[in-house]
Amino acid sequence: RLKVTEASGGLQAARGGFDPLLSGETDWKPQGDYRNGGAQVTLRQPTALWGLAVFGQWSLSRGSFPEYDGDRVTATAGLARLGLELPLLAGGPIDKRRGKIAQAQAKQRGARFAVASLRLELLRLGARAYFAWVAAGQKLGVERELLELARRRDQQVAEAVRRGAVPAIERVDNKRAILRRRGRVVKAQRAFEKAALKLSLYLRGTDGRPI
């Protein structure tokens, strides 16, 4: 998500290439045969239409100018210009500004696709963790049932030994089976807890804390 935000910021910055541009310049010659000065302010608005730009310009000059520099002479209130600039051999189908926007848009789409891909991967991993947790819980239930069966059988064997129907060694073997079943229950319990902890990485509350 931060990458998407970063890409959106890059796109906004690229679009800034089409912001109006205000520039100005001035010069002054206080010495020499021709003492003069002038100022010029230009407002330029680039567009996305075949590199077209609209500009407005105002210039003002004072002093004396040589004949070869007569184009700098303005009226008392200055000289205003309004025009269009259209490149013929460069920046037609594409230019630097539009190219940056296209690149920024591609990065933004890529970041969004990356988020969607990661979300799907997390859903896949979360689903695997969930089903592993379910399977571990079912296995724990089975092991507990088998332990309970072994305990019930121990009571039956104990009664049979008391009546002399079976030798006492039978109950010893059954006790060993109970201990083995208890070990399997403990192992299954640990596996279930481990699966629950892994599932909690993907199952979180509104505050982001694992459940």
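- Heavy atoms of other residues, nucleotides or ligands lying less than 6.0 angstrom from CZ of Arg62 number more than 12.
- Put simply, the side chain of Pro20 reaches to within 4.5 Å of the side chain of Leu43, judged on heavy atoms.
- More than 12 non-hydrogen atoms from other residues, nucleotides or ligands lie less than 6.0 angstrom from CD of Glu193.
- For Asp33, the CG atom counts as loosely surrounded, since its 6.0 Å shell holds 12 or fewer non-hydrogen atoms of other residues, nucleotides or ligands.
- No side-chain heavy atom of Leu60 sits less than 4.5 Å from a side-chain heavy atom of Leu79.
- No side-chain heavy atom of Leu118 sits less than 4.5 Å from a side-chain heavy atom of Lys3.
- To the nearest 0.5 Å, atom CD of residue Gln108 and atom CD of residue Gln12 are 10.5 Å apart.
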Report the C-alpha separation of Arg190 and Lys194 in whole Å, then their side-chain angles, then the decisive distance to 0.1 Å, and conclude whether the side chain to side chain contact (heavy atoms under 4.5 Å, CB included) test is met.
CA-CA 6 Å; Arg190 290 177 179 175; Lys194 182 179 179 181; over 6 Å; no
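- Using a 4.5 Å cut-off on side-chain heavy atoms (C-beta onward), Ile101 and Leu11 make contact.
- Here the shortest heavy-atom pairing between Ala111 and Ala7 reads CB-CB, 4.3 Å.
- Annotation for Asp95 and Arg98: closest pair OD1-N, 2.8 Å, computed over non-hydrogen atoms.
- Hydrophobic clustering (side-chain heavy atoms under 4.5 Å, transitive across Ile, Leu, Val, Met, Phe, Trp, Tyr) keeps Leu179 apart from Val186.
- Partners of Arg209 under the side-chain hydrogen bond (donor to acceptor under 3.5 Å, both in side chains) rule, at least two apart in sequence or in another chain, do not exist in this structure.
- Taken together through direct or relayed side-chain contacts under 4.5 Å among Ile, Leu, Val, Met, Phe, Trp and Tyr, Val54 and Leu86 form part of one hydrophobic cluster.
- Sorted by first and then second residue, the side chain to side chain donor-acceptor pair (under 3.5 Å) pairs involving residues 139-151 (not counting sequence neighbours) are Glu143-Arg184, Arg144-Gln189.
- Between Glu159 and Arg162, at least one side-chain nitrogen of the basic residue sits less than 4.0 Å from a carboxylate oxygen of the acidic one, meeting the salt-bridge criterion.
- By the neighbour-count criterion of 12 heavy atoms within 6.0 Å, atom OH of Tyr130 is sparsely surrounded, having that number or fewer from other residues, nucleotides or ligands.
- Listed by chain and number, the residues in a side-chain hydrogen bond (donor to acceptor under 3.5 Å, both in side chains) with Arg81 are Gln57 (sequence neighbours excluded).
- Val166 and Ile169 end up in different hydrophobic clusters when Ile, Leu, Val, Met, Phe, Trp and Tyr side chains are linked at under 4.5 Å.
- When hydrophobic clusters are built by joining Ile, Leu, Val, Met, Phe, Trp and Tyr residues whose side-chain heavy atoms come closer than 4.5 Å, directly or via intermediates, Phe131 is grouped together with Phe192.
- Side-chain N or O atoms of Arg35 include one that pairs as donor or acceptor with a backbone N or O of Pro30 at under 3.5 Å.
- Between the side chain of Arg97 and the backbone N or O of Phe18 there is no donor-acceptor pair closer than 3.5 Å.
- No side-chain donor-acceptor contact under 3.5 Å links Ser117 to the backbone of Phe113.
- Scanning for side-chain hydrogen bond (donor to acceptor under 3.5 Å, both in side chains) contacts around Arg128 gives an empty result, with sequence neighbours left out.
- Applying the salt bridge (Lys or Arg N to Asp or Glu O under 4.0 Å) rule to Arg171 yields the partners Asp154; only residues at least two apart in sequence or on another chain are considered.
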Start with the C-alpha distance between Leu22 and Thr42, add both sets of side-chain angles, then the distance that settles side chain to side chain contact (heavy atoms under 4.5 Å, CB included), and finish with yes or no.
CA-CA 6 Å; Leu22 179 64; Thr42 304; over 6 Å; no
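- With a 4.5 Å cut-off on side-chain heavy atoms, Tyr34 and Lys29 do not count as touching.
- Here the closest heavy-atom approach between residue Asp27 and residue Arg72 is recorded as OD2-NH2, 2.8 Å.
- Thr74 places a side-chain N or O within donor-acceptor distance of the main-chain N or O of Ser61, the cut-off being under 3.5 Å.
- Rounded to the nearest 0.5 angstrom, Phe55 CZ and Gln45 CD are separated by 13.5 Å.
- The local environment of CG in Leu2 is sparse, with at most 12 non-hydrogen atoms from other residues, nucleotides or ligands closer than 6.0 Å.
- For the atom pair CD of Gln105 and OG of Ser8, the computed distance is 11.0 Å after rounding to the nearest 0.5 Å.
- Of all heavy-atom pairs spanning Tyr202 and Gly126, the tightest one is CG-CA, 3.7 Å.
- A distance of 11.0 Å separates CG in Leu149 from CD1 in Ile178, rounded to the nearest 0.5 Å.
- Contact record, Leu147 with Arg182: CD1-CG, 3.7 Å, taken as the closest heavy-atom pair.
- Residues meeting the side-chain hydrogen bond (donor to acceptor under 3.5 Å, both in side chains) test with Glu121, sequence neighbours left out: Arg124.
- In terms of modelled atom types and a separation under 3.5 Å, the side chain of Ser200 and the main chain of Pro210 share no donor-acceptor contact.
- Closest of all the heavy-atom pairs between Trp133 and Ala195 is CA-CB, 3.7 Å.
- To the nearest 0.5 Å, atoms CG (Leu125) and CG (Leu120) are separated by 11.0 Å.
- Criterion: ILVMFWY side-chain heavy atoms under 4.5 Å apart, direct or through other members. Under it, Trp28 and Val73 are not part of a common hydrophobic cluster.
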